[in-house]
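Here the structure comes first, spelled out in structure tokens, and everything after it is commentary.
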2 protein chains.
Amino acid sequence: MAQQGRRRHVSITDVAAQAGVSITTVSHVLSGQRPVSAATTAKVRQVIAELGYEPNQLARGLRLQRTNTVALVIPDITNPFYPLIARGLQNVLGPAGMQVLVTSTDADPAAEDAAVQQMITRRVDGLAFAGYQADHRRVTAAAEVGIPVVLLGGRTARPGIDVVSADDVAGGEIATEYLITRAYRRIAFITGAERVGSPANRVLGYRHALRAAGMPYSARLVVREEISRDGGARAMARLLSLRQAPDAVLCTNDVTALGALDAAKDAGLRVPRDVAVMGFDDIEIAALTTPALTTVSIRPLEQGEAIGRLLLGRLDGSAPRAAQRILFDPAVVPRESA
Amino acid sequence: MAQQGRRRHVSITDVAAQAGVSITTVSHVLSGQRPVSAATTAKVRQVIAELGYEPNQLARGLRLQRTNTVALVIPDITNPFYPLIARGLQNVLGPAGMQVLVTSTDADPAAEDAAVQQMITRRVDGLAFAGYQADHRRVTAAAEVGIPVVLLGGRTARPGIDVVSADDVAGGEIATEYLITRAYRRIAFITGAERVGSPANRVLGYRHALRAAGMPYSARLVVREEISRDGGARAMARLLSLRQAPDAVLCTNDVTALGALDAAKDAGLRVPRDVAVMGFDDIEIAALTTPALTTVSIRPLEQGEAIGRLLLGRLDGSAPRAAQRILFDPAVVPRESA
DNA sequence: CTGTTAGCGCATTCAG
DNA sequence: CTGAATGCGCTAACAG
């Protein structure tokens, strides 16, 4: 009955006793931090194998003040954008012996707060945080206590905190310009409730582009909703019921755009003939919808890798003092929906 | 410069000193394990707030022999099936104060091995493992050392190890029966390389259904490939080049089916008129392809939650001694591709 | 080349 | 109602 095997974890003391040496010696054959004779090394290794000894990282962490763990706090692991971030992170952290602790917060401020606190409590070596709220006291607290933090998404830089993001303002601009070029004249934007972060910056780019094109900006064409497929559908429904409905709708991300597509379909409208829909992120699913979703690519896997590199740089001290801000150039991916 | 703020984490000792009490007392106001006078309680709480004290979970874990962490070892977080598992897990574990450590292994045996070892080393309280290989020595090792393990996917039960899975044999059967009902007569199967686990069981169900229908089974119609979109495309290409090509293709999962769809398109074939394609898992994307993918639903979110409940049950000792095996009934989701 | 010891931060037994 | 002391498992001075 393996499950009952309370056969206690074997400790370094057990190994030392069995091998007839001190725990120091065992520690050193493991770490190579100081020379150990071939004979003892062999003996110790043999005992380790026999006993199936696995060093306790908790103890090691307590002693070394380092957990080899990085936290990834995101809105929703179920949004295909984030698994790519997670994968990119692991791709660079894994080879360095680090692991990733993931938490989904549904962008709920209280949940974000709790998650970050949990992570501090666990003494993670680094924190990657993607949130949509303006004020991150807990995140600041993490940074202040010496945990390297990198913010994911285009919020304004904070002193001493690195940021990895798509260039959201530019993204909003090129997306809008693309639509303008395609002769759309009444362009709406579906975004999140918060006035900061990636969604807000994308809206900013959208406004820039409108202004540059000499087109009017109308606040009622910017609808703020929960960032999810359902939220996108609700927002779209609202836009379609406007007396002056838009002829094109830009969505803060692809998941939201999916919902917009749902709503257009429900309303019996054809995309893009009746309304154009455009997303953001270029998740895999975007290429497979009907019509295929025109969107903006922001290379999430590479963003995840960049986060990992930033964190490693902070940890080994090889990074410059100043906060870094890595922006990924967005690119329109023209498909069928706009 | 927050990032530089090496302002050491404050410890229970700091709090005790500042509050003019012993660490024992601080510990007890936090745990409520024994009565503390209202006055001291207030004082201690105040100091905790002032100093921003966060108990160190590493130390607590070392002392308590419990980390409140569960490992999730999966092939690929980028496959939309697994984020749902992860989410389900977190849904039940989160309220219990536990966190999830995720690792993608690409189904590589060496990586799986390393991941599980890492997890043992970190003294996770539980391990959820989804792998495609037959032999999991390291997983067995984890169970033997007292870590509750639950296997995800339909491999044969092991003594004392819980399993959560879709009923893969049944799934293979109903999928095949569905195709037979729709008058397909030459049904192929694209699966993974390993001869165990979910993919193998699905093939088993497929064979059962063929036999029950009095239809011949042909080994050359079962192609083993890497389980990925590209792998699915390669396998499909191979099947289509057969002198006697199949009129329907069952894929071990939706991601693979996506690849099969790609290959059919490349070959200029129409689905389902020229070849039918059917997947497994019912990931979100399946409803959005053109043609929409007919597939088998296996409720991943609920599977993740079941895993969480199983693990919690083992941890609080409320679970029965015997290994449990929770099977989720699969259901065909008819759409357009078959 | 090897061993003794202190201490990382905390929960808990034992003793007031 | 409160404290002192021990040990969880490990690394790194310090001392041969």
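Since the structure is predicted, the reported quantities are computational estimates derived from the model, not experimental observations. In what follows, chains carry the letters A, B, and so on, assigned in the order in which the sequence lines appear, proteins first and then strands, with residues in each chain numbered from 1.
The side chain of B/S11 lies closest to C/dC10, out of C/dT12, C/dC10, D/dG9. Picking from D/dG9, C/dA11, C/dT5 the nucleotide with the shortest atom distance to the side chain of A/T24 gives C/dT5. Of the listed nucleotides (D/dA12, D/dT2, C/dA11), D/dT2 has the atom at the smallest distance from the side chain of B/R34. Considering only the side chain of A/I23, D/dC10 comes nearest among C/dT12, D/dC10, C/dC1. Out of C/dA11, C/dC8, D/dC8, the shortest distance to the side chain of B/L62 is found at D/dC8. Which of D/dG3, D/dG9, C/dC10 sits closest to the side chain of B/V21 comes down to D/dG3.
Atom CD in B/Q57 sits about 19 Å away from atom P in C/dC8, given to the nearest Å. To the nearest angstrom, P of C/dC14 lies 13 Å from NE2 of B/H28. If you measure from atom CZ of B/R63 to atom C1' of D/dA5, you get 12 Å, rounded to the nearest angstrom. Atom CZ in B/R60 sits roughly 18 Å away from atom P in C/dC8 (whole-Å rounding). Remark: P of D/dG9 and NE2 of A/H9 are 9 Å apart, rounded to the nearest angstrom. Rounding to whole angstrom units, CG of residue A/L51 and P of D/dG9 are separated by 14 Å. As rounded to whole Å, 19 Å separates atom P of C/dC10 from atom CZ of B/R66. Rounded to whole Å, the distance from CD1 on B/I12 to P on C/dC8 is 13 Å.
Under a 4.0 Å N-O distance rule, the pair B/D106/A/R87 qualifies as a salt bridge.
Ranked by how close their nearest DNA chain D nucleotide is to the 5' end, B/Q65 and B/S22 are led by B/S22. Checking B/L58 against B/Q33, the closest nucleotide of DNA chain C that is more toward the 5' end is the one next to B/L58.
A side chain to side chain contact (heavy atoms under 4.5 Å, CB included) with A/I12 holds for exactly one of A/S22, A/S27, A/P55; it is A/S27. Partner of B/F129 under the side chain to side chain contact (heavy atoms under 4.5 Å, CB included) criterion, out of B/L152, B/I161, B/V150, B/V139: B/V139 alone.
Side-chain nitrogen and oxygen atoms of B/T40 include none within less than 4.0 Å of the OP1 or OP2 phosphate oxygen of D/dC1.
Contact detail for A/P83 and A/I77: the closest heavy-atom pair is CG-O, 3.2 Å.
Between the side chain of A/D125 and the backbone N or O of A/R66 there is no donor-acceptor pair closer than 3.5 Å.
A/S37 comes within 4.0 angstrom of the backbone, heavy atoms only, and of no base.
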